[in-house]
Asks: 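Before we start, here is the structure in question, set down as structure tokens.
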Number of protein chains: 2
Amino acid sequence: MRDVTIQDVARAAKVGLGTASRALSGNGSVSSQTRQRVLEAASSLNYRPNRNAASLRSKTTGTVALLVPDIRNPFFTELTYWFETAMRAKGSTVLIGSAGEDHAQENDFLAQIMAQRVDGIVISPQSEDDTVIRQVIEADIPLVLIDRPLKQLSVPVISSRPEPGMTEAVQNLASHGHTCIGYLGGPQSLPIARDRYAAFLEALNEHGLPGTTHFVEWGNFSRDAGKIGTQALLKRGVTAILAANGQLGTGVLEHCASSNQAIGPDLSLIVFDDYEYFRFISPSVSVIAQDIEGMGRIAADALVDCIAGKTAPDTYLPTVFIKRDSLRYAPPDMKENRKGDSLH
Amino acid sequence: MRDVTIQDVARAAKVGLGTASRALSGNGSVSSQTRQRVLEAASSLNYRPNRNAASLRSKTTGTVALLVPDIRNPFFTELTYWFETAMRAKGSTVLIGSAGEDHAQENDFLAQIMAQRVDGIVISPQSEDDTVIRQVIEADIPLVLIDRPLKQLSVPVISSRPEPGMTEAVQNLASHGHTCIGYLGGPQSLPIARDRYAAFLEALNEHGLPGTTHFVEWGNFSRDAGKIGTQALLKRGVTAILAANGQLGTGVLEHCASSNQAIGPDLSLIVFDDYEYFRFISPSVSVIAQDIEGMGRIAADALVDCIAGKTAPDTYLPTVFIKRDSLRYAPPDMKENRKGDSLH
DNA sequence: TTGTACGCGTTATCAC
DNA sequence: GTGATAACGCGTACAA
């Protein structure tokens, strides 16, 4: 059963092929009468335009791609959601690729989408390796980066400013009397990891926390690194941990759950990234939240600008501190006091 | 800067257009000598095949679509991940659509992918409304359904058998001495919701739990329904709750966290669906897990079969019960005993 | 405003 | 095994 083509529509409407095309696509001028006829014919024939044929001529496919390290990471899940929503509103569909840690998969995906002639691509780079990004740039495909800036290349970057949230977070820890704060950092080779740590240090300085020392454990942005780092930090006697991303924070939770360390009473916790479930587990987890919805939407805007040949500015969205129950720390000496305090 | 076409490759390799096409696509026979020449020419010219042009002739796009209610629901996130992985291995890219509750969005997405001429589509229906599905069938697009069977239509369904997991789960609750079990069910209009409840009842019977009563709260598969239902069940004195899906289970967690109800000691919990974070929160949540990876892969297999014109069987994957810490229930009378038991 | 003819890059169908 | 040539469905410059 052959598809109904624009030819069929033209015949049914008793107009020329070109007229039908113009009436349906909206380019060029058609008298409203004939347009009406064409539209009716189209819908009565159940006409579905063939994007592939159109793309062949117009060089635009109405399709963009989103490449993330792992869509199962809630940050990327949400980013994907908002980006897809924004792009669909703009009339484009989104091809997703979840690359995992595997470079072969990344290249696989890249080859496929290049063949598909996507209009543009958004990449959230996982590793320090730039080869994929360079390929995209070389192929001259409009590109927007999430999280990771790329030096000396005019590719728009959408990311976050860790400072606002970080400042409040540190202030809060300080006001609770913490003197030994542990920091779980991401790979120092990643700019965002460095930025977050710098913001952390700056926040400490800003509030002039005398006598406050901090301990740092570096690792990749993974749950396992979070577990291992937590273990190490606890040995060093920290009373609070600030995890530089959600995966690391999840690792903290995991370690504490398996070692019966009670978050809140025994250990304060703040996580950079607000995974949905942080809100309704017990105790709920205090976070420094990125504006993921904003990132997705702005990435979409930036991408269509790039596709249109315009330039799009780098955008750094503010973060906010959200205080929850993981900050109910009761230092040992306070516990001692309580014990003696039999009046209550 | 014009794209390099297969023409250019053919010229460079000093062969005819057709030969180049056969050499590159693998269809038809070419002497290994000339194939070599063509391949070399292609890579040295940095040739990228144009899928759109190919699709115009071959009627196949190497693209499939996946439509889920909300990709942010961890079940669908993981399903998307595995499905995408499987499809990429088969050489297809995946267009995703996250429909939300919005029907307009669904239709939007549908129109777009029909224009894209996707080879097939996998739908995980959200509502009882079949209009989207019917449209796909009417357009004669190969279709596979996740979760939801469709009566009297030969569309493959990939879903789960709740029985194995449910049986073990109920047995476990019984062996812990629960006599009042609460059940949070999904919309009775949904087959999977009915199936799960039926499996629950069957499990109760199977183990001949004398004196065990159960209480049921129905709602849609949402966190809010879980919260409200939990509240209602607790008022009725249940000592354990079985939630019929992950969202409902999340609602239980949320209610308990905000009302200081300790899961484990105060209330046993088993959730149908194994969200990743259930494993490492405290207490960890016992679950009846679906084989999502299997569902994703089998859906991919079934879809390519449909595309190839073959029929694919309905597949129901077994569930498994995974025991975790949310079952450490200590009934009030046991607590009393403990109090008196000062020997320990 | 409307219709015609051509080309987009590829695959498929022929003859050779 | 190989090389011309005709589609595929649509947009658009051009002529009418």
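Heavy-atom basis, side chains included; hydrogens, waters and symmetry copies ignored. Residue numbers begin at 1 in each chain, while the letters A, B, ... track the order of the sequences.
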Asks: Between A/Asp3 and A/Thr5, is there a donor-acceptor pair closer than 3.5 Å when you use the side chain of the first and the backbone of the second?
Replies: no

Asks: Just how far, in rounded Å, is P of D/dG11 from CG of A/Leu17?
Replies: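 My rounded result for the distance is 9 Å.
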
Asks: Write down the atom of A/Trp82, the atom of A/Gly296, and the distance for their closest heavy-atom approach.
Replies: CB-CA, 4.3 Å

Asks: Under 3.5 Å, which N/O atoms of the protein pair with N/O atoms of nucleotides 13-16 of chain D?
Replies:
none

Asks: Give the rounded distance in Å between these two atoms: CG of A/Leu56 and C1' of D/dC10.
Replies: 8 Å

Asks: Between D/dT2 atom P and B/Asn27 atom CG, what is the distance in whole Å?
Replies: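 Interatomic distance, CG of B/Asn27 to P of D/dT2: 15 Å.
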
Asks: Is the shortest distance from a Lys or Arg side-chain nitrogen in A/Glu84 or A/Arg88 to a carboxylate oxygen in the other one below 4.0 Å?
Replies: yes

Asks: Find the distance A/Leu24:CG to D/dG11:P and express it as a whole number of Å.
Replies: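 So the CG-P distance, A/Leu24 to D/dG11, works out to 8 Å.
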
Asks: Counting side-chain heavy atoms from CB outward, which of C/dG3, D/dG3, C/dC8 is closest to B/Thr19?
Replies: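 Of C/dG3, D/dG3, C/dC8, D/dG3 is nearest to the side chain of B/Thr19.
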
Asks: Within the structure shown, what part of the strands sits under 4.0 Å from B/Ser55 by heavy-atom distance: base, sugar-phosphate, or nothing?
Replies: nothing

Asks: What's the spacing between A/Thr60 OG1 and A/Arg51 CZ if we round to 0.5 Å?
Replies: 5.0 Å

Asks: What's B/Ser21 touching, base or sugar-phosphate or nothing? Going by heavy atoms closer than 4.0 Å.
Replies: base

Asks: Is A/Asp301 salt-bridged to A/Lys310, cutoff N-O under 4.0 Å?
Replies: no

Asks: Would you say A/Arg48 and A/Asn46 are linked by a side-chain donor-acceptor pair, where the criterion is simply a distance under 3.5 Å?
Replies: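 The answer is yes; a qualifying pair exists.
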
Asks: State which of D/dG11, D/dG1, C/dG3 makes the closest approach to the side chain of B/Ser29.
Replies: D/dG1

Asks: Would A/Thr77 and A/Thr80 count as a side chain to side chain donor-acceptor pair (under 3.5 Å) here? Give the steps.
Replies: CA-CA 5 Å; A/Thr77 307; A/Thr80 303; over 6 Å; no

Asks: Classify B/Asn52 by what it touches in the nucleic acid, base, sugar-phosphate, or nothing, heavy-atom distance under 4.0 Å.
Replies: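 No contact.
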
Asks: Of all the choices, D/dC10, C/dG9, D/dG3, which nucleotide is nearest to the side chain of A/Tyr47 once you look at every atom?
Replies: D/dC10

Asks: Quick check for you: among C/dT10, D/dG1, D/dC10, whose closest atom lies nearest to any side-chain atom of B/Ser31?
Replies: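 In terms of side-chain proximity for B/Ser31, the closest of C/dT10, D/dG1, D/dC10 is D/dG1.
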
Asks: Mark yes or no for a side-chain to base donor-acceptor pair under 3.5 Å between B/Arg57 and C/dA12, with no hydrogen or angle criteria applied.
Replies: no

Asks: Once you round it to whole Å, what is the distance between P of D/dT12 and NZ of A/Lys59?
Replies: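 In whole Å, D/dT12 P lies 13 Å from A/Lys59 NZ.
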
Asks: Please report the distance, rounded to the nearest Å, between CZ in A/Arg11 and P in C/dT2.
Replies: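 Checked: the CZ to P distance equals 19 Å.
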
Asks: B/Gln7 CD to C/dT11 C1': how many Å, rounded?
Replies: 13 Å

Asks: For B/Thr34 and for A/Val4, locate the closest nucleotide of DNA chain D by heavy-atom distance; then report the residue assigned to the nucleotide nearer the 5' terminus.
Replies: B/Thr34

Asks: Does B/Arg72 qualify as a cation-pi partner of A/Tyr81, given the criterion of NZ or CZ under 6.0 Å from the six-membered ring centre and within 45 degrees of its axis?
Replies: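 Yes, B/Arg72 and A/Tyr81 form such a contact.
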
Asks: Please pick, from C/dT10, C/dT2, C/dG7, the nucleotide with the shortest atom-to-atom distance to any side-chain atom of A/Val30.
Replies: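 Of C/dT10, C/dT2, C/dG7, C/dT2 is nearest to the side chain of A/Val30.
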
Asks: When we call it a touch if two heavy atoms are under 4.0 Å apart, what does A/Ser58 touch: a base, just sugar-phosphate, or nothing?
Replies: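 Here A/Ser58 touches no strand at all.
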
Asks: Quickly work out the B/Arg51 CZ to C/dT11 C1' distance and round it to whole Å.
Replies: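 Result: 12 Å.
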
Asks: Can you identify which nucleotide, out of C/dT10, D/dG3, D/dG11, has its nearest atom closest to the B/Val15 side chain?
Replies: D/dG3

Asks: By nearest atom, which of the nucleotides D/dG11, C/dC8, C/dT10 is closest to the B/Ala53 side chain?
Replies: C/dT10

